[in-house]
Amino acid sequence: MAAEEAPAEVTAEGDEVAENIEIVLPPPCMDLTEFPPKNDFFENMVAIDEKAEKIEGANNFRQVSGFPIFGSGQTTEEGFLKLLDKVNALHAEEGSEKLLWFNMRKEPIVYVNGNPFAPRNPEDLHRNLDISFSVEDLDNLEAHYTNILKAQAEKEQTLKTFRDHAFAENPMDREAVEDVLKVVSIKGLYEIYANLKENGFPNLTCFRIPVTEERSAGESCFDMMTEALKNEPASTPCIFTDQMGRGRTTGGMVAACLIKEIQITSELRKMEDIDLVSKSTVDDLIHQKFEGVLPKCQDDDDPFIKGEFDVIKELLEKVPATVEGKRKIDHIIDMCGPVPKGTGLQNLRECIIETKWKYDVATEDKQVAWKALILNFMERYFYLICFATYALEHGPGGYQKAFTSWMDDHKELRTMIEEGKDKLEWYRTVDAAKLEHLKDLINAPNYKENLGVLIRTIYDFAFVTYADLPRGAIKNNSMRRLAATTLMEILPPDIAERVNKKLEEDPSNSHDFLSLVGLVSYYGSGEDH
């Protein structure tokens with residue numbers, strides 16, 4: 001279930017720091033003394049389109065087309081200034097009184113020598129902390145962790161840290177590298193915020209929206225964003241960040257675009273109601289601003305690319321208002337996703353089936369992590385549709401009802417997604433008749449003479465099985481893996497024993513389909529080798 005234990009009240013970060021005053025902190029909500037800091041930066045973390053504008057120290061920076069909505073990975077200390085200068089330059093003409101910064105992370109953030117670090121569980125260095133505490137508790141925990149690192153650095157003059165060797169979507173593919181840093185400076189994120197407000201950005205308002213990595217925002221987190229934005233002018237710039245600037249950042253950007261769109265369309269409809277602007281003009285303005293046709297992609301007609309999963313179809317059927325909610329949020333998701341439709345890193349709808357394709361070709365041990373991601377992504381998409389439906393209903397009236405209350409009114413939806421998010425075909429259904437035909441071919445006395453026919457038939461079998469996948473590396477790897485698995489499955493017992501014995505002699509070697517064909521031809525002669 002996506003509801004978090006965080007309160008719906010929105011509290012700005014970075015307001016409590018006072019110079020030369022020793023602040024006695026409340027006890028922390030958990031002990032992070034043994035949790036090592038891990039660098040938020042790693043090789044290949046820049047995943048934005050290569051043609052996108054780059055800001056040093058603000059990886060994966062981008063703006064949603066037509067909205068004052070920006071996203072980035074966790075910035076360096078200098079990156080904060082460069083990003084804020086850029087946003088100010090873009091929106092100076094609009095005279096915005098405020099800049100809103102949304103930190104979409106639960107985990108504490110501490111700056112060591114100007115770079116951001118976050119604590120990791122020593123038993124699981126490859127994932128950000130998954131903790132459920134109030135925003136106040138998380139801010140206090142961040143201050144405590146800052147003090148822990150300052151004490152360690154003062155004692156040793158150095159700090160043992162970790163970083164990922166390179167980006168890997170699957171946590172099981174990540175490799176942690178240890179670094180020992182000579183410490184020049186350590187600052188908590190709250191200190192960075194305070195410095196920014198005192199040095200050129202007095203109108204900066206910062207919020208923590210505590211979202212777990214790769215998960216849906218909790219119901220209360222949606223309320224936090226709504227509370228922060230509903231009374232702000234639609235022109236107020238908003239900046240969203242998490243570690244890489246990917247899932248959590250994109251989720252915040254999607255929600256913010258929806259809230260701002262409803263603000264603008266509601267005002268236009270009010271002008272229409274008092275005959276200040278004609279209905280046709282309002283319709284044209286709304287269409288041009290928010291409903292323009294996006295570039296067409298090759299796989300757009302794929303039902304799963306369109307988000308037509310069983311649990312989503314059940315939602316649309318049982319709550320008819322969600323049909324419009326899905327239509328609205330799908331357009332915004334596309335605008336916040338990668339090129340050519342958007343300017344971002346991740347399409348929060350398409351990533352479900354894209355991750356399923358990766359699951360299909362993964363080894364069994366790695367499928368566990370892929371499956372967890374798929375279920376999380378499904379839940380996230382489900383909640384975005386629900387939030388859009390709620391916002392379309394209550395946004396024009398000023399959000400007098402909270403999203404958490406709306407979900408209480410539709411509590412069956414929580415059960416629906418919890419029980420329905422794994423309704424996917426986790427195992428590929430193969431054509432039993434074709435499989436039997438392959439067995440007949442290989443069991444024939446002259447099967448070696450028909451090896452060419454056998455290979456083509458197996459490839460055809462694999463192609464038909466993965467006909468729904470788009471062209472590319474994932475489809476090719478899927479077909480090769482199925483071809484190799486199928487060949488091993490249909491081998492007569494005596495040949496299979498010989499081939500497996502050879503494979504066991506050299507387990508480190510990669511045995512693809514064509515290599516297996518060679519082994520079958522060689523060891524299937526019936527002679528000892």
Problem set entry | Gln243 side, atom CD; Asn128 side, atom CG - distance, nearest 0.5 Å | 5.0 Å
Exercise. Any side-chain heavy-atom pair from Phe35 and Glu107 closer than 4.5 angstrom?
Worked result: no
Exercise. Is a side-chain donor or acceptor of Tyr381 paired with a backbone partner of Ile312 at a separation under 3.5 angstrom?
Worked result: no
Exercise. Are Arg246 and Glu214 close enough for a salt bridge, meaning some N to O gap below 4.0 Å?
Worked result: yes
Exercise. His144 and Leu32: side chain to side chain contact (heavy atoms under 4.5 Å, CB included), yes or no, with the steps?
Worked result: CA-CA 8 Å; His144 274 282; Leu32 294 178; over 6 Å; no
Exercise. Ring centroid separation for Phe387 and Tyr390, is it under 6.0 angstrom?
Worked result: yes
For this session: For atom CD of Glu308, decide whether the heavy atoms of other residues, nucleotides or ligands shown that lie under 6.0 angstrom number more than 12.
Result: yes
Problem set entry | Pairwise side-chain contact, Glu77 with Ile192, heavy-atom cut-off 4.5 Å (strictly under) | yes
Problem set entry | Sub-4.5 Å side-chain heavy-atom contact between Thr322 and Leu316 | yes
Problem set entry | Closest non-hydrogen atom pair between Glu191 and Gly188, with its separation | OE1-N, 2.6 Å
Problem set entry | Side-chain ion pair, Lys38 and Asp164, N-O less than 4.0 Å | yes
For this session: Starting at OG1 of Thr146, measure out to NZ of Lys187 and round the result to the nearest 0.5 Å.
Result: 12.0 Å
For this session: Any chance you could measure Lys86, atom NZ, to His91, atom NE2, to the nearest 0.5 Å?
Result: 10.0 Å
Exercise. Ignoring hydrogens and geometry, is there a side-chain-to-backbone donor-acceptor pair from Thr404 to Ser220 under 3.5 Å?
Worked result: no
For this session: Quick one: closest heavy-atom pair of Gly245 and Leu345, and the distance?
Result: O-CD2, 3.9 Å
For this session: Show your working on side chain to side chain contact (heavy atoms under 4.5 Å, CB included) between Leu138 and Ile131 and close with a plain yes or no.
Result: CA-CA 9 Å; Leu138 292 172; Ile131 50 181; 3.7 Å; yes
For this session: Mind listing the closest non-hydrogen atom pair of Glu169 and Leu373 along with its distance?
Result: O-CD1, 4.1 Å
Exercise. Is the shortest heavy-atom distance from the side chain of Leu413 to the side chain of Phe382 under 4.5 Å?
Worked result: yes
Exercise. At their closest point, which heavy atom of Ile264 faces which heavy atom of Ala234, and how far apart are they?
Worked result: CG1-CB, 3.7 Å
Exercise. Can any side-chain N or O of Asn113 pair as donor or acceptor with the backbone N or O of Ser185 at less than 3.5 Å?
Worked result: yes
Exercise. Does Phe201 reach the side chain of Asp85, with side-chain heavy atoms less than 4.5 Å apart?
Worked result: yes
Exercise. Just by distance, do the side chain of Lys260 and the backbone of Leu229 share a donor-acceptor pair under 3.5 Å?
Worked result: no
Problem set entry | Spatial distance of atom CZ (Phe41) from atom CG (Asn59) [nearest 0.5 Å] | 4.5 Å
Exercise. Any chance the side chains of Thr250 and Arg62 put a donor and an acceptor closer than 3.5 Å?
Worked result: yes
Exercise. Salt-bridged, Arg414 to Asp408, with N to O below 4.0 Å?
Worked result: yes
For this session: Without swapping roles, check the side chain of Lys82 against the backbone of Ile55 for a donor-acceptor pair under 3.5 Å.
Result: no
Problem set entry | Side-chain ion pair, Lys318 and Glu412, N-O less than 4.0 Å | no
Exercise. Are the side chain of Thr249 and the backbone N or O of Asp242 linked by a donor-acceptor pair below 3.5 Å?
Worked result: yes
For this session: Answer yes or no: is there a donor N or O on one side and an acceptor on the other, between the side chain of Asp310 and the main chain of Gly420, under 3.5 Å?
Result: no
Problem set entry | Under 3.5 Å: donor-acceptor pair, side chain of Asn170, backbone of Ala369 | no
Seminar exercise, completed: Paired with Asp40, the side chain to side chain donor-acceptor pair (under 3.5 Å) test is passed by just one of Gln74, Arg105, Arg163, namely Arg105
For this session: Go through the steps to decide whether Val211 and Arg380 satisfy the test side chain to side chain contact (heavy atoms under 4.5 Å, CB included), and finish with yes or no.
Result: CA-CA 11 Å; Val211 181; Arg380 181 174 62 187; over 6 Å; no
For this session: Would you tell me whether Glu227 and Tyr399 have side-chain atoms, one donor and one acceptor, within less than 3.5 Å of each other?
Result: no
For this session: Go through the steps for Phe403 and Tyr383 under the test side chain to side chain contact (heavy atoms under 4.5 Å, CB included), then give the verdict.
Result: CA-CA 11 Å; Phe403 179 57; Tyr383 268 92; 4.3 Å; yes
For this session: Flag the pair Asn103 / Cys206 as yes when at least one side-chain heavy-atom distance between them is below 4.5 Å, and no otherwise.
Result: no
For this session: Go through the side-chain N and O atoms of Thr161 and Asn39 and say whether any donor and acceptor fall under 3.5 Å apart.
Result: no
Exercise. Say you draw a straight line from CG of Asp179 to CZ of Phe117; how long is it, rounded to the nearest 0.5 Å?
Worked result: 7.5 Å
Exercise. When you look at NZ of Lys296, are more than 12 heavy atoms from neighbouring residues, nucleotides or ligands closer to it than 6.0 Å?
Worked result: yes
Problem set entry | Salt bridge flag under 4.0 Å for residues Glu379 and Arg215 | yes
Exercise. Any sub-3.5 Å donor-acceptor pair from Asn140's side-chain atoms to Glu136's backbone N or O?
Worked result: no
Problem set entry | Close side-chain approach of Leu189 and Tyr111, heavy atoms under 4.5 Å | yes
Exercise. How many angstroms lie between CZ in Arg174 and CG in Asp124, if you round to the nearest 0.5 Å?
Worked result: 9.5 Å
Less than 3.5 Å apart, which donor and acceptor atoms pair up between the side chains of residues 331-340 and the rest of the protein, not counting sequence neighbours?
{"from": "His331", "atom 1": "NE2", "to": "Phe290", "atom 2": "O", "distance (Å)": "3.2"}
{"from": "Asp334", "atom 1": "OD1", "to": "Asn347", "atom 2": "ND2", "distance (Å)": "2.9"}
{"from": "Asp334", "atom 1": "OD1", "to": "Arg349", "atom 2": "NH1", "distance (Å)": "3.4"}
{"from": "Asp334", "atom 1": "OD1", "to": "Arg349", "atom 2": "NH2", "distance (Å)": "2.8"}

Exercise. Quick check: does any side chain N or O of Lys423 sit under 3.5 Å from a backbone N or O of Glu419, one acting as donor and the other as acceptor?
Worked result: no
For this session: Using a strict 4.0 Å threshold on nitrogen-to-oxygen distance, state whether Arg327 and Glu291 make a salt bridge.
Result: yes
Problem set entry | Minimum heavy-atom distance between Asn60 and Met45, given as atom pair plus value | ND2-O, 2.9 Å
Seminar exercise, completed: For His126 and Arg120 the tightest heavy-atom approach is C-NH1, 3.5 Å
Exercise. Are Cys386 and Trp406 side-chain neighbours, meaning at least one heavy-atom pair lies under 4.5 Å?
Worked result: yes
